[in-house]
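Note that this is a predicted model, so its numbers are computed, not measured. Counting starts at 1 for both ligands and their atoms, in listed order.
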Amino acid sequence: MWKVLRFAALRSRRFSTAIPGPCMVHKRGTDILHDPWFNKDTGFPLTERDRLGLRGLLPPRVISFEHQYDRFMNSYRSLEKHIRGQSDKVVSLSKWRILNRLHDRNETLYYRVLIDNIKEFAPIIYTPTVGLVCQNYSGLFRRPRGMYFSSKDKGEMMSMIYNWPSNQVDMIVLTDGSRILGLGDLGVQGIAIPIGKLDMYVAAAGINPQRILPVMLDVGTNNQKLLEDRLYLGVRQPRLEGEEYLSIVDEFMEAVHARWPKAVVQFEDFQMKWAFETLERYRKRFCMFNDDIQGTAGVALAGLLGTVRAQGQPLSDFVKQKIVVVGAGSAGLGVLNMAVKAVSRMSGCSETAAKSQFFLIDKDGLVTTERRNLDPAAVPFAQNPRELEGITEGASIIEVVKKVKPHVLLGLSGVGGVFNEEVLKAMRESVSTKPAIFAMSNPTMNAECTAAEAFSHAGENIVFGSGSPFENVDLGNGKVGHVNQANNLYLFPGIGLGTLLSGAPHITDGMLQAAAECLASYMTEEDLQKGILYPSIDCIRNVTAEVGAAVLRAAVAEGHAEGHGDVGSRELAHMSEKDTVEYIRSNMWYPEYCPLVHEK
Ligand SMILES: NC(=O)c1ccc[n+]([C@@H]2O[C@H](COP(=O)([O-])OP(=O)(O)OC[C@H]3O[C@@H](n4cnc5c(N)ncnc54)[C@H](O)[C@@H]3O)[C@@H](O)[C@H]2O)c1
Ligand SMILES: O=C(O)C[C@H](O)C(=O)O
Ligand SMILES: [Mg+2]
């Protein structure tokens with residue numbers, strides 16, 4: 001496995017903008033051992049021990065990287081044995097702790113372990129365990145990671161940003177902690193989400209870990225329990241609102257742009273009102289996107305198009321699909337926006353006409369034009385009740401499903417179990433022979449239904465996707481109900497990497513559409529027939545390279561690509577499709593110890 005990867009890395013040097021040779025290190029002695037970017041633990045060769053003042057600070061035997069890797073995996077496996085039978089919470093947090101300790105100590109080894117075991121470790125560093133970590137962050141806190149900007153730092157951010165030790169930052173993931181997964185307002189504790197997302201950037205997109213920056217904008221919290229918690233590490237005040245809030249985000253964005261004008265900023269887990277408002281406010285000024293609105297939309301659209309193909313229908317039949325979306329928040333509305341645009345494009349009809357096949361449900365039921373105080377972002381998707389037969393404003397999920405008999409039921413409500421037995425059984429009456437159920441809310445306990453419930457109540461012929469991972473379902477007689485992880489992790493790393501390498505100053509709808517189309521076309525007909533809509537997470541680096549290339553090519557086609565490093569816009573424009581993928585791959589960092597001293 002390692003041989004293959006190394007060969008790929010060598011072959012792809014052709015286009016690489018990375019400068020080969022020793023890594024720069026200006027430290028010596030214990031400062032190096034305590035710096036996870038440079039630390040090699042027992043792996044420092046004798047020359048480095050001599051020249052970096054490490055002699056005597058380590059046990060004498062030099063251990064190879066592969067040997068260190070095996071050692072870690074052995075201790076991980078023995079931890080697994082020891083915690084077997086304990087509660088899910090204890091098991092998950094123990095696994096997170098051992099990985100986190102390695103992350104804090106030796107990033108090269110940590111990322112190698114993560115990349116090689118991504119399917120096993122993603123549920124620990126990402127959803128669902130990351131949700132548990134956020135909930136318990138103040139108690140789990142040992143060392144800071146990333147940067148924290150609070151309402152108390154107003155007027156200081158331009159100088160604070162220079163406190164970050166790295167001269168170059170490529171990817172920033174930013175949250176204000178106001179809507180962490182389906183867990184609500186977790187204040188400063190939400191920092192674990194940007195950390196987890198950026199771990200995926202390193203693992204999937206090969207962003208150099210020295211060039212990532214997780215950020216928490218702590219503007220207070222409205223979570224009373226946290227405000228009263230003695231251990232809470234955030235600002236103990238209610239959330240800032242209105243102009244006061246926006247002035248903090250403005251100041252942060254300007255500080256980032258001043259120091260790293262080319263960095264891509266991903267907004268993550270902002271409550272809906274700020275998610276939409278900040279996207280509108282910044283998307284033409286800075287290189288940024290909102291993952292919950294835009295990344296999720298692309299993954300969902302790819303899943304919806306895959307569903308049509310899984311049903312054995314031509315892709316053009318997407319325009320006829322009836323789709324019920326449960327959840328009118330940033331994610332649900334993001335999906336609707338993109339899906340409606342796709343229908344309009346495919347059918348040639350107006351977006352208004354394209355909306356008629358989509359049904360939107362929020363906490364107050366079916367959203368119609370009769371709804372009072374509807375959020376402006378949801379208004380375009382309100383159905384006219386006069387055009388609906390027998391379904392009225394505020395109709396429940398079961399009422400809508402029974403009447404509409406949708407091809408697809410898609411949940412982004414954040415509410416666990418809303419696709420109950422009755423709702424799932426009603427999906428048996430779907431007009432489709434292979435209806436799709438997407439329970440996309442995270443973490444696991446917030447999923448609208450479990451995979452087992454879906455296959456058992458809605459029938460074995462369904463297509464199923466969930467935001468957090470579930471095991472495939474054994475349907476008996478050797479048959480398997482396939483579980484797709486319908487999560488934005490399939491797209492955001494490629495969106496970030498493709499944008500970065502294109503040098504585009506903004507992320508356009510065209511670039512996002514290219515990302516979604518790339519993911520949608522990734523699967524073979526054979527896989528789709530089996531209900532497999534997305535590739536295995538084991539292939540995430542490959543998926544990300546393809547998605548990144550699609551994003552980059554879209555930026556070039558739209559005339560936004562300004563180039564990156566030594567590779568200018570003209571060179572990008574002359575790359576074939578294959579060359580673009582290779583260019584992307586050659587810029588993906590791969591964890592290997594690099595020499596820290598020049599050979600004499
Ligand atoms: N799988 C993914 O890639 C992915 C991506 C983004 C968000 N999500 C998940 O989606 C969920 C929602 O995220 P969001 O940002 O849209 O949140 P949000 O708070 O902005 O929106 C939640 C929406 O659900 C509605 N709702 C609440 N209770 C309901 C009920 N009982 N029945 C029907 N609707 C109900 C609310 O009215 C609101 O419209 C979260 O759990 C999040 O983790 C998943
Ligand atoms: O974080 C995830 O796993 C997906 C998504 O961004 C979410 O908010 O749930
Ligand atoms: Mg999110």
Novice: Ignoring hydrogens and geometry beyond distance, is a side-chain donor-acceptor pair present between Gln237 and Ser151 at under 3.5 Å?
Specialist: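 Checked: Gln237/Ser151 side chains pair up, N/O donor to acceptor below 3.5 Å.
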Novice: Report all side-chain donor-acceptor pairs from residues 281-292 shorter than 3.5 Å, counting only partners two or more places apart or in another chain.
Specialist:
from	atom 1	to	atom 2	distance (Å)
Arg281	NE	Asp250	OD1	3.0
Arg281	NH2	Asp250	OD2	2.8
Tyr282	OH	Asp250	N	3.1
Tyr282	OH	Asp250	OD1	2.6
Arg283	NH1	Asp509	OD1	3.2
Arg283	NH2	Ile507	O	2.9
Arg283	NH2	Asp509	OD1	3.2
Arg285	NH2	Glu254	OE2	3.1
Asn290	OD1	Asp292	N	2.9
Asn290	OD1	Ile293	N	2.9
Asp291	OD2	Lys197	NZ	3.1
Asp291	OD2	Gln266	NE2	3.4
Asp291	OD2	Asn488	ND2	3.1
Asp292	OD1	Arg179	NH2	3.1
Asp292	OD2	Asp269	N	2.6

Novice: Does the plane of the ring in Phe252 sit parallel, tilted or perpendicular to the ring in Phe149? Use 30° and 60° as the thresholds.
Specialist: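 Answer is perpendicular, since the angle exceeds 60°.
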Novice: Using only N, O or S atoms, tell me which atom of Asp292 is closest to the Mg ion (ligand 3).
Specialist: OD1
Novice: If I compare all heavy atoms of Pro493 with all of Tyr201, which pair ends up nearest, and what's the gap?
Specialist: CA-CE2, 3.5 Å
Novice: For atom 5 (C) of ligand 2, what is the closest protein heavy atom, and at what distance to 0.1 Å?
Specialist: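 Here the closest protein heavy atom is Asn488 ND2, 3.4 Å.
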Novice: Minimum heavy-atom separation for Phe276 and Ser330, please, with both atom names.
Specialist: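 Scanning both residues completely, I find the closest heavy atoms to be CE1-CA, 3.7 Å.
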Novice: Can a donor-acceptor pair be found, under 3.5 Å and without considering hydrogens, that links the side chain of Asn446 to the backbone of Gly414?
Specialist: yes
Novice: Is ligand 2 under 4.0 Å from a heavy atom in the side chain of Val130, in the backbone, in both, or in neither?
Specialist: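 Neither part.
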Novice: Please determine whether the number of non-hydrogen atoms from other residues, nucleotides or ligands lying under 6.0 Å from atom NZ of Lys403 exceeds 12.
Specialist: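 Check fails, neighbour count at 12 or below.
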Novice: Can a side-chain donor-acceptor contact be found between Asp176 and Ser178 if the only test is distance below 3.5 angstrom?
Specialist: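 Yes - a donor-acceptor pair under 3.5 Å links their side chains.
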Novice: Quick test: of every protein heavy atom, which one is nearest to atom 21 (O) of ligand 1, and how far off is it to 0.1 Å?
Specialist: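 Ranking protein heavy atoms by distance from atom 21 (O) of ligand 1, first comes Gly329 CA, 3.1 Å.
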Novice: Would the number of heavy atoms belonging to other residues, nucleotides or ligands and lying under 6.0 Å from CG of Asp88 be above 12?
Specialist: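 Result for CG/Asp88: open.
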Novice: What closest approach, in Å, do Val343 and Ala354 show between heavy atoms, and which atom pair accounts for it?
Specialist: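 Nearest pair, atom of Val343 first, then Ala354: CG1-CB, 3.6 Å.
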Novice: Considering the heavy atoms of Met272, write down every atom of ligand 1 situated less than 4.0 Å from one of them.
Specialist: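 Result: 20 (O).
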Novice: Which one holds for Leu489 and ligand 2: side chain close, backbone close, both close, or neither close, with close meaning a heavy atom under 4.0 Å?
Specialist: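 Neither; no heavy atom under 4.0 Å.
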Novice: Any non-hydrogen atom of Asn446 lying under 4.0 Å from ligand 1?
Specialist: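 No heavy atom of Asn446 comes that close to ligand 1.
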Novice: Give a yes or no on whether Glu280 atom CD has more than 12 heavy-atom contacts from other residues, nucleotides or ligands under 6.0 Å away.
Specialist: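 No, because the 6.0 Å sphere around CD of Glu280 holds 12 heavy atoms or fewer from other groups.
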Novice: Identify, by name, the N, O or S atom of Asp269 lying closest to the Mg ion (ligand 3).
Specialist: OD1
Novice: How close does the nearest protein non-hydrogen atom get to atom 44 (C) of ligand 1, and which residue and atom is it?
Specialist: Met440 O, 3.1 Å
Novice: Is it the case that more than 12 heavy atoms not belonging to Glu471 sit under 6.0 Å from its CD atom?
Specialist: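 Count not over threshold, so no.
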Novice: Out of all atoms in ligand 1, which are within 4.0 Å of some heavy atom of Gly182? Include the element for each.
Specialist: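 In order of number, 40 (C), 41 (O), 43 (O).
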Novice: Return the closest protein heavy atom for atom 3 (O) of ligand 1 as residue, atom name and distance.
Specialist: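 The closest one turns out to be Asn488 N, 2.9 Å.
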Novice: Could you check which of Leu181, Ile293, Thr127 puts a non-hydrogen atom nearest to atom 43 (O) of ligand 1?
Specialist: Leu181
Novice: What protein heavy atom is closest to atom 15 (O) of ligand 1, reported as residue, atom name and distance in Å?
Specialist: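 Closest protein heavy atom to atom 15 (O) of ligand 1: Ser330 OG, 2.6 Å.
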Novice: Could you see which bit of Ile193 sits under 4.0 Å from ligand 2, with heavy atoms only: side chain, backbone, both or neither?
Specialist: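 Under 4.0 Å from ligand 2, Ile193 contributes no heavy atoms.
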Novice: Quick one: look up the protein heavy atom nearest atom 9 (O) of ligand 2 and list residue, atom name and how far away it is.
Specialist: Asn442 ND2, 2.8 Å
Novice: For ligand 1, note which part of Thr296 has a heavy atom under 4.0 Å away: side chain, backbone, both or neither.
Specialist: side chain
Novice: Go through the steps to decide whether His457 and Phe419 satisfy the test ring-ring contact (aromatic ring centres under 6.0 Å, His included), and finish with yes or no.
Specialist: CA-CA 10 Å; His457 302 313; Phe419 295 171; over 10 Å; no
Novice: Counting only heavy atoms closer than 4.0 Å, does ligand 1 sit against the backbone of Asp362, its side chain, both, or neither?
Specialist: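 Near ligand 1, Asp362 shows its backbone as well as its side chain.
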Novice: Quick one, Ser441 with Glu448, criterion side chain to side chain donor-acceptor pair (under 3.5 Å). Give me CA distance, side-chain angles, the key distance, then yes/no.
Specialist: CA-CA 7 Å; Ser441 290; Glu448 285 75 9; 2.6 Å; yes
Novice: Tell me the contacting part of Arg179 for ligand 1: side chain, backbone, both, or neither, using a 4.0 Å heavy-atom threshold, strictly below.
Specialist: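 Arg179 to ligand 1: side-chain contact only, backbone stays beyond 4.0 Å.
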Novice: If you count the atoms of ligand 1 from 1 in the order shown, which ones are under 4.0 Å from a heavy atom of Asp292?
Specialist: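 Reading through ligand 1 atom by atom, the close ones are 6 (C).
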Novice: Identify, for atom 26 (N) of ligand 1, the protein heavy atom at the shortest distance, and state residue, atom and that distance.
Specialist: Lys363 N, 3.6 Å
Novice: Taking only heavy atoms of Gly467 into account, list the atoms of ligand 1 that are under 4.0 Å away from them.
Specialist: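 Listed by number with element, the hits are 1 (N).
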Novice: Heavy atoms only, cut-off 4.0 Å: how does Arg179 contact ligand 2, side chain, backbone, both, or neither?
Specialist: side chain
Novice: Only N/O/S atoms count here: what is the atom of Glu268 closest to the Mg ion (ligand 3) called?
Specialist: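 Minimum-distance N/O/S atom of Glu268 relative to the Mg ion (ligand 3) is OE2.
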Novice: Is a side-chain donor-acceptor pair under 3.5 Å present for Gln311 with Ser432?
Specialist: yes
Novice: Between Gly414, Gly334, Ser413, flag the one that comes closest to atom 22 (C) of ligand 1 by a heavy atom.
Specialist: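 Nearest heavy atom to atom 22 (C) of ligand 1 lies in Ser413.
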Novice: Side chain, backbone, both or neither: which part of Val418 comes within less than 4.0 Å of ligand 1 when only heavy atoms are counted?
Specialist: side chain
Novice: What are the two closest non-hydrogen atoms of Val202 and Ile115, and how far apart are they?
Specialist: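 Closest approach of Val202 to Ile115, heavy atoms only: O-CD1, 4.5 Å.
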Novice: Using a strict 4.0 Å cut-off to heavy atoms of Ala331, name the atoms of ligand 1 that fall inside it.
Specialist: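 Near Ala331, meaning under 4.0 Å from one of its heavy atoms, ligand 1 has 6 (C), 7 (C), 14 (P), 15 (O), 16 (O).
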Novice: Looking at Val415, which atoms of ligand 1 are within less than 4.0 Å of one of its heavy atoms?
Specialist: 27 (C), 28 (N), 29 (C)
Novice: Taking the cut-offs as 6.0 angstrom to the six-membered ring centre and 45 degrees off its axis, would you call Lys95 and Tyr76 a cation-pi pair?
Specialist: no
Novice: Could you tell me if any non-hydrogen atom of Lys197 lies under 4.0 Å from any atom of ligand 2?
Specialist: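 Under 4.0 Å: yes for Lys197.
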Novice: Which is closest to atom 8 (N) of ligand 1 in terms of heavy atoms, Val367, Leu412, Val326?
Specialist: Leu412
Novice: Is the shortest side-chain N to carboxylate O distance from Lys273 to Asp375 below 4.0 Å?
Specialist: no
Novice: Answer with side chain, backbone, both or neither: which part of Ala486 has a heavy atom less than 4.0 angstrom from an atom of ligand 1?
Specialist: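 Only the backbone of Ala486 comes within reach of ligand 1.
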Novice: Could you find the nearest protein heavy atom to atom 3 (O) of ligand 2 and give me its residue, atom name and distance?
Specialist: Asn487 ND2, 3.0 Å
